[in-house]
Amino acid sequence: MILPLRSRSGINVVKHKDRGLRITIQKKKITMSLKQLSYRTKSANETIVKREWWVADATNQTLGRFSSKIAAVLRGKNKPYYTPHFDCGDYVIVINSGKIVLSGNKMEAKDYQHVTGYPGGQKHESAKNLIARRPNAVIERAVKGMLPKNRLGRAMYKKLFVYEGAEHAHKAQQPKEFKY
């Protein structure tokens, strides 16, 4: 069913029952639909996402600022096609995790808690002791706390690789240097 709405100076606007509005300009013979004039937001999927590998050096970097930049890359917030409900982030390799810096008095005052699951099994450890014993755990815990707390966040966390020294096992992926 075609219903003409208005005709002025050679421009016809016709409403189709099934196809929406159709605009016809008589002088130039141009026909277009309003469906062609609208833009749809594309949601990221596996065909759109291009994952890259990055190497970030933690030497003399502040823990919180460094971890938030890594978490943003793991989520994909640096991509133009970022979609909150899809994993569109990149892989990140962190080297020299033992040389991370905490501001102020946090090296002695910051307390990491671990619960064993047994009664009275609550363990506390200062950041200084944890960095000396397991330097990777400090960065891993900081980044994990900045990711979503669901299966999507767990998938993003699997793309983080933290190493204590300057060497890593991902040279075959040809990672780029992470500029922050």
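By convention here, the first residue in the shown sequence is residue 1. For clarity, every value in this text was computed on a predicted model and none was experimentally measured.
Considering only heavy atoms from C-beta on, R51 comes within 4.5 Å of K159 through its side chain. Put simply, the side chain of C88 reaches to within 4.5 Å of the side chain of Y82, judged on heavy atoms. K123 has its side chain out of reach of Q113: every pair of non-hydrogen atoms, C-beta onward, lies at least 4.5 Å apart. Considering only heavy atoms from C-beta on, L63 comes within 4.5 Å of V138 through its side chain. The shortest distance between side-chain heavy atoms of F178 and V73 falls below 4.5 Å. By the 4.5 Å heavy-atom criterion applied to side chains, I100 and N60 are not counted as neighbours. Using a 4.5 Å heavy-atom threshold, the side chains of P175 and H168 count as touching. In this structure, V94 and D57 have side chains that are not in contact, with every pair of non-hydrogen atoms separated by 4.5 Å or more.
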Let's go through L160 and K144 carefully: what are the C-alpha distance in whole Å and the side-chain angles of both, what is the deciding distance for side chain to side chain contact (heavy atoms under 4.5 Å, CB included) to 0.1 Å, and is it a yes or a no? CA-CA 9 Å; L160 174 67; K144 189 172 187 176; over 6 Å; no

Going through the distances and angles, do R133 and E125 end up as a salt bridge (charged side-chain N to carboxylate O under 4.0 Å, His left out)? CA-CA 10 Å; R133 194 171 59 87; E125 190 171 16; 2.9 Å; yes

Can you check salt bridge (charged side-chain N to carboxylate O under 4.0 Å, His left out) on D90 and K79, steps first, answer last? CA-CA 9 Å; D90 295 334; K79 304 284 182 89; 2.8 Å; yes

Let me see the working for E140 and S97 under side chain to side chain contact (heavy atoms under 4.5 Å, CB included), right down to the final yes or no. CA-CA 10 Å; E140 288 171 353; S97 65; over 6 Å; no

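Applying the salt bridge (Lys or Arg N to Asp or Glu O under 4.0 Å) criterion to K179, with sequence neighbours excluded, gives E177. For K106, the side chain to side chain donor-acceptor pair (under 3.5 Å) partners at least two apart in sequence or on another chain are S103. In this view, F161 and W53, H170 satisfy the ring-ring contact (aromatic ring centres under 6.0 Å, His included) rule, not counting sequence neighbours.
For K158, the NZ atom is loosely surrounded, since the number of other residues' heavy atoms within 6.0 Å does not exceed 12.
A donor-acceptor pair under 3.5 Å is absent between the side-chain atoms of K99 and the main chain of I95, judged by distance alone. Counting only distance, with no hydrogens or angles, the side chain of K77 and the backbone of L74 share no donor-acceptor pair below 3.5 Å. With hydrogens and angles ignored, the 3.5 Å screen pairs a side-chain donor or acceptor of N150 with a backbone N or O of G153.
The distance from atom OG1 of T83 to atom CG of N45, rounded to the nearest 0.5 Å, is 8.5 Å. Atom CZ of R134 sits about 12.5 Å away from atom CD1 of I139, to the nearest 0.5 Å. The CD atom of E52 sits 8.0 Å away from the CG atom of N78 when rounded to the nearest 0.5 Å. Interatomic distance, L130 CG to M107 CE, rounded to the nearest 0.5 Å: 10.5 Å. One finds the OH atom of Y163 at 7.0 Å from the CD1 atom of I93 (value rounded to the nearest 0.5 Å). The OG atom of S67 lies 10.0 Å from the CD atom of Q61; values are rounded to the nearest 0.5 Å.
When L147, V162, V92 are each tested for a side-chain contact (heavy atoms from CB on, under 4.5 Å) with I70, only one passes: V92.
Summarising the hydrophobic clusters (Ile, Leu, Val, Met, Phe, Trp, Tyr; side-chain heavy atoms under 4.5 Å, direct or chained), the residues clustered with F86 are I48, V49, Y81. Grouped with V115 in a hydrophobic cluster is no other residue, since no side-chain heavy-atom contact under 4.5 Å to another Ile, Leu, Val, Met, Phe, Trp or Tyr is found.
Closest of all the heavy-atom pairs between L102 and A127 is CD2-CB, 4.1 Å. Between G64 and M146, the shortest heavy-atom contact is O-CE, 3.8 Å.
Residue pairs meeting the ring-ring contact (aromatic ring centres under 6.0 Å, His included) criterion with at least one partner in residues 106-134, sequence neighbours excluded, do not occur; the list is empty.
Follow the hydrophobic side-chain contacts under 4.5 Å out from L152 and you reach V143 in the same cluster.
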